[in-house]
Chemist: 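Okay, handing you the structure first.
Whatever order the structure lists them in is the order used to number ligands and atoms, beginning at 1. Residue numbers run from 1 in the order of the sequence given.
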Amino acid sequence: MTLGTPEQPLRVAIIGSGPSGFYAADYLLNKSNLTVEIDMFDRLPTPYGLVRGGVAPDHQKIKAVTKVYEKIASQPTFRFFGHVTFGTDITRADLQQFYHAVVYAVGAQTDRSLGIEGEDLLGSHAATEFVGWYNGHPDYKHLSFDLSRPRVAVIGVGNVAMDVTRILASTPEELAKTDIVDYAYHALRTSGIEHVSVFGRRGAAQAAFTNPEIKELGELEGADCIVYPNEVVLDEASKAYLALPTTEAKDAKNVTILQSYASRTPSGKPKQIEMRFQWSPVAILGDGRVEAIKMVKNVLVLDEKGNVKAIPTDHTETFVVDLVFRSVGYMGVPLPDVPFESKRGVFPNVKGRVLNEGQTVVGDYAVGWIKRGPSGIIGTNKPDSYESAESLVTDVKEGVHWLPIAPDREAVTALLQSRGVCYITFADWQKLDKIEVERGQSEGKPRVKFTDIDEMLRVVAE
Ligand code: NAP
């Protein structure tokens, strides 16, 4: 019998239910002349990964992409198993009994560190934790952030830095329309924050943020966005960089936007956002908690590969701050029984085929941030996941896949039940989703999220 037919469907497990997992499912379910059954597992009861727990609460248009994922999940050969942890509730060896292949779509679950003195002082936080906290991610909801003092430094100028800065500087009215969780809304509404300095180690032309995000900072109701003209004048390295054919158009546009901010006169709004360029952190200072941050001024040099490098000068300055958010990127973490490249925080792979010491591991594929590192926007995952799923299909056609002893839909549910794993189906999630949206309607918000896993399980069981 041929694999991938109605009589013998190709059975694929996907670990992780964020965008990259759903795009892999989409490719496989829509491949012509191939019958595929997908089981998607997530350690959280809720699907959608960073769309729920990472995308900023005031970016509801971006979150609307979940409609596409709902459509994928509605296909009869797709099942969701939430609240199932890979490595404990179900292992790779278990999966080999039930599936022909596995796709890891687990993202990048921790933050990169700066490696400087004072990084662990009280009041120095990974931006990713703050994001998880204000989005009600069950792993981060217990954290606390002292927002009572006036001065904040954000290190890094990527889109996460933009999100964090915007949320810190938004007015209560701006936040009230979002699905930010209640405890974060109350903490931010009563916060004493007045001044947020955002530091990029390279220049305005090399900022990682995209145009809409820097525009939003200039449109906030209660905050002026301040840029110093001398920090957005293009130096020789930046001029040469912008002239390269490989440089993205958004970089020149970012410079234009920042230069327009530099020519503004602050209108006296209650909060200030200060965008600083060519400053690298040297040390976070304080007696037990953050009191200041020491920064060094950089000059820019264009190397022969077209990369602009920040070179420290001997000019340092110490800025008084009460809170530091380190927003220098996410980092992937290993999974049990899966090869891991610790320097880059990814599963080593070629076109999504996982490698172990240079050799392809039969049956294992990676998509999204655990495949390519934490880069790109949600849409970047579509071609990325399609590439890995195509590798999977090509391999299956060549007979390269796992040989499960129980390739049927009931065997896996029986195993989870026998282990007492209380899994959440897609219909269960839809029940939670409906309640969240209904709770939001009465408060004029898109939804009021469940943040506690036990509560979610209780509600589903009712
Ligand atoms: P990112 O875009 O990679 O930005 C990281 C920032 O940290 C860069 O400015 C980087 O500077 C800086 N940095 C790294 N190491 C540093 C160090 N040692 N000292 C000082 N600065 C350092 O990462 P991200 O902001 O975490 O975002 C991750 C991905 O999610 C991105 O692709 C982003 O576009 C995406 N995202 C998108 C949205 C959206 O679409 N609205 C929202 C959030 C996130 P260099 O450039 O000099 O390395």
Side-chain angles (χ1 to χ4, degrees), residues 18-20 49-65 107-117 119 124 126-132 134-135 153-167 197-217 237-238 241 247-248 250-251 254 258 275-284 293-303 307-312 324-332 344-345 368-381 384:
S20 65
L50 279 182
V51 178
R52 181 176 168 95
V55 172
D58 58 344
H59 278 176
Q60 291 298 318
K61 274 194 192 152
I62 296 180
K63 286 179 192 270
V65 71
Q109 295 184 29
T110 188
D111 60 291
R112 288 180 53 203
S113 63
L114 285 169
I116 60 170
E117 182 195 325
E119 198 165 357
S124 163
T128 53
E129 292 178 350
F130 187 56
V131 169
Y134 64 59
N135 273 322
V154 176
I155 307 300
V157 285
N159 279 334
V160 170
M162 295 298 97
D163 287 349
V164 163
T165 302
R166 200 176 61 255
I167 294 299
S197 299
V198 188
F199 291 98
R201 63 178 167 182
R202 299 189 289 158
Q206 295 83 36
F209 49 67
T210 39
N211 304 150
E213 282 66 26
I214 187 63
K215 273 192 194 147
E216 283 173 321
L217 283 197
S238 293
Y241 168 75
T247 300
E248 287 179 75
K250 69 109 180 136
D251 289 340
N254 275 344
L258 288 161
M275 298 299 300
R276 306 298 310 263
F277 293 97
Q278 295 176 228
W279 290 100
S280 280
V282 178
I284 301 172
I293 185 161
K294 185 176 175 188
M295 308 287 297
V296 63
K297 190 75 184 170
N298 298 320
V299 287
L300 303 177
V301 176
L302 183 72
D303 71 12
N307 299 319
V308 174
K309 296 238 176 328
I311 310 291
V324 173
F325 288 106
R326 309 178 311 264
S327 184
V328 295
Y330 286 82
M331 187 80 178
R344 288 182 58 225
W369 281 5
I370 201 64
K371 171 188 178 187
R372 68 174 192 276
S375 66
I377 55 173
I378 291 171
T380 314
N381 292 300
D384 173 287

Chemist: Counting only heavy atoms, which portion of W369 has something under 4.0 Å from ligand 1: side chain, backbone, both, or neither?
Modeler: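 It is the side chain that touches ligand 1; the backbone stays farther off.
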Chemist: Counting N and O atoms only, with roles assigned by atom type, does the side chain of D111 sit under 3.5 Å from a partner on the main chain of E129, one being a donor and the other an acceptor?
Modeler: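 Between the backbone of E129 and the side chain of D111 there is no qualifying donor-acceptor contact (under 3.5 Å).
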Chemist: Evaluate the criterion side chain to side chain contact (heavy atoms under 4.5 Å, CB included) for residue pair T128 and T110; output intermediate values, then yes/no.
Modeler: CA-CA 8 Å; T128 53; T110 188; over 6 Å; no
Chemist: Can you tell me the protein heavy atom closest to atom 39 (C) of ligand 1 and the distance?
Modeler: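 Atom 39 (C) of ligand 1 sits closest to the protein heavy atom E213 OE2, 3.6 Å.
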Chemist: In the structure I gave you, are the side-chain heavy atoms of F130 and V154 within less than 4.5 Å of one another anywhere?
Modeler: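 The answer is no, as the side chains (C-beta and beyond) never meet within the 4.5 Å cut-off.
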Chemist: Please list the nearest protein heavy atom to atom 11 (O) of ligand 1 with its residue and the distance rounded to 0.1 Å.
Modeler: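 Ranked first by proximity to atom 11 (O) of ligand 1 is R201 NE, 3.6 Å.
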Chemist: Taking 4.0 Å as the limit for heavy-atom contacts, which would you say applies to I377 with ligand 1: side chain only, backbone only, both, or neither?
Modeler: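 Just the side chain.
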Chemist: Return the set of residues passing salt bridge (charged side-chain N to carboxylate O under 4.0 Å, His left out) with E119 (not counting sequence neighbours), or none when no residue passes.
Modeler: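 In terms of salt bridge (charged side-chain N to carboxylate O under 4.0 Å, His left out), with neighbours along the sequence ignored, E119 is linked to R326.
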Chemist: Name the closest protein heavy atom to atom 19 (N) of ligand 1, giving the residue it belongs to and the distance to 0.1 Å.
Modeler: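 Heavy-atom neighbour on the protein nearest atom 19 (N) of ligand 1: L114 CD2, 3.7 Å.
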Chemist: How far is atom 35 (C) of ligand 1 from the closest protein heavy atom, and which atom is that?
Modeler: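 Checked against all protein heavy atoms, atom 35 (C) of ligand 1 sits closest to G376 O, 3.5 Å.
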Chemist: Just let me know how D163 lines up against ligand 1, side chain, backbone, both or neither, with a heavy-atom cut-off below 4.0 Å.
Modeler: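 Answer for D163: side chain.
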Chemist: Numbering the atoms of ligand 1 from 1, which are under 4.0 Å from a heavy atom of P374?
Modeler: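 The list of qualifying atoms is 28 (C), 29 (C).
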Chemist: Does ligand 1 have any atom sitting under 4.0 Å from a heavy atom of S375?
Modeler: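 So S375 counts as touching ligand 1.
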Chemist: Which protein heavy atom lies closest to atom 46 (O) of ligand 1, and at what distance to 0.1 Å?
Modeler: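 The closest one turns out to be R202 NH2, 2.9 Å.
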Chemist: Who's the nearest protein heavy-atom neighbour of atom 22 (C) of ligand 1, and how far?
Modeler: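 Checked against all protein heavy atoms, atom 22 (C) of ligand 1 sits closest to V328 CG1, 3.3 Å.
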Chemist: Could you tell me which atoms of ligand 1, counted from 1 in the order shown, lie closer than 4.0 angstrom to a heavy atom of G158?
Modeler: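 In order of number, 2 (O), 4 (O), 6 (C), 9 (O), 25 (O).
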Chemist: Is there side-chain contact between M275 and T165, with at least one heavy-atom pair below 4.5 Å?
Modeler: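 Answer no - side chains too far apart.
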Chemist: For atom 27 (O) of ligand 1, which protein heavy atom lies nearest, and how many Å away is it?
Modeler: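 Closest protein heavy atom to atom 27 (O) of ligand 1: V160 CG2, 3.7 Å.
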Chemist: Nearest to atom 8 (C) of ligand 1 by heavy atom, I62, V157, T210: which?
Modeler: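 The residue whose heavy atom sits nearest atom 8 (C) of ligand 1 is V157.
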Chemist: Can you name the residues that form a salt bridge (charged side-chain N to carboxylate O under 4.0 Å, His left out) with R372, not counting sequence neighbours?
Modeler: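 Applying salt bridge (charged side-chain N to carboxylate O under 4.0 Å, His left out) to R372 gives D384.
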Chemist: Is it true that a side-chain atom of K371 and a backbone atom of G107 form a donor plus acceptor pair closer than 3.5 Å?
Modeler: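 A pair under 3.5 Å: no.
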Chemist: Please check if the side chain of N135 supplies one atom and the backbone of G53 the other of a donor-acceptor pair under 3.5 Å.
Modeler: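 Side chain of N135 to backbone of G53: a pair is present.
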Chemist: Examine distances only and state if a side-chain atom of W279 and a backbone atom of G200 form a donor-acceptor pair shorter than 3.5 Å.
Modeler: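 Not confirmed, W279 side chain does not pair with G200 backbone.
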Chemist: Tell me which one of S113, A208, A127 gets a heavy atom nearest to atom 2 (O) of ligand 1.
Modeler: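 Selected option, by shortest heavy-atom distance: A208.
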Chemist: How far is atom 23 (O) of ligand 1 from the closest protein heavy atom, and which atom is that?
Modeler: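 Nearest neighbour among protein heavy atoms for atom 23 (O) of ligand 1, to 0.1 Å: G329 CA, 4.0 Å.
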Chemist: Any sub-3.5 Å donor-acceptor pair from D303's side-chain atoms to K309's backbone N or O?
Modeler: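 No; judged by distance alone, with no hydrogens or angles, the pair does not exist.
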Chemist: Under 4.0 Å, heavy atoms only, figure out whether ligand 1 is touched by the backbone of M162, its side chain, both or neither.
Modeler: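 No part of M162 is near ligand 1 at this cut-off.
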Chemist: If we ignore hydrogens and angles and just use 3.5 Å, is the side chain of Q278 paired with the main-chain N or O of N298 as donor and acceptor?
Modeler: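 Yes, because the side chain of Q278 sits within donor-acceptor range (under 3.5 Å) of the backbone of N298.
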